[in-house]
Engineer: 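For reference, the structure I am asking about is given below.
Just so we're clear, the structure is a prediction, and the values are computed from it rather than from any experiment. Heads up: numbering here begins at 1 and tracks the sequence.
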Amino acid sequence: MSKESDFFVYLLEHYANYKNTTAEKILKILDEKELTDYVYDMYEIYHSESLDNAFNDIDSLIEKGKRHGNKQTWLNKLSYNERKVSTKL
């Protein structure tokens with residue numbers, strides 16, 4: 001398996017544990033909401049931050065039933081927020 005696939009399985013299992021359910025049920029929810037590929041493609045973001053941040057993002061995705069935009073939009077938002085934090089230091 002690729003590092004992305006390995007991390008996706010790791011993320012699903014840990015997210016399922018966080019939600020007191022199974023990875024199979026989480027995958028079914030993501031599939032039904034057409035979010036599986038999006039979460040998988042967020043490897044670059046999710047693997048470099050805390051799992052809590054990834055969990056919060058996945059919670060939001062599932063709750064709203066839609067993506068927040070593409071990965072580049074998310075990266076731009078992250079960069080903007082990082083700039084705001086660094087100017088406050």
Engineer: Does any non-hydrogen side-chain atom of Leu61 lie less than 4.5 Å from one of Lys33?
Structural biologist: no

Engineer: Using the side-chain hydrogen bond (donor to acceptor under 3.5 Å, both in side chains) rule, collect all pairs that involve residues 4-13, keeping only residues at least two apart or in two chains.
Structural biologist: Ser2-Glu4, Ser2-Ser5, Ser5-Tyr40

Engineer: Indicate yes or no: at least one non-hydrogen side-chain atom of Asp37 is less than 4.5 angstrom from one of Leu30.
Structural biologist: no

Engineer: Distance-only check: which donor-acceptor pairs under 3.5 Å involve side-chain atoms of residues 18-27, not counting sequence neighbours?
Structural biologist:
{"residue": "Tyr18", "atom": "OH", "partner": "Asp59", "partner atom": "OD2", "Å": "3.3"}
{"residue": "Lys19", "atom": "NZ", "partner": "Asp59", "partner atom": "OD1", "Å": "3.3"}
{"residue": "Thr22", "atom": "OG1", "partner": "Lys25", "partner atom": "N", "Å": "3.1"}

Engineer: Does Ser60 use its side chain to pair, donor to acceptor, with the backbone of Asn56 at less than 3.5 Å?
Structural biologist: no

Engineer: According to side chain to side chain contact (heavy atoms under 4.5 Å, CB included), who are the partners of Ser50, at least two apart in sequence or on a separate chain?
Structural biologist: Asp52, Asn53

Engineer: Is there a side-chain contact between Ile58 and Leu11 in this structure, where contact means two heavy atoms from C-beta onward sitting under 4.5 Å apart?
Structural biologist: yes

Engineer: Atom CZ of Phe55 and atom NE2 of His14: how far apart are they, to the nearest 0.5 Å?
Structural biologist: 7.0 Å

Engineer: Measure the CD1-OG1 distance between Ile29 and Thr36 for me, rounded to the nearest 0.5 Å.
Structural biologist: 10.5 Å

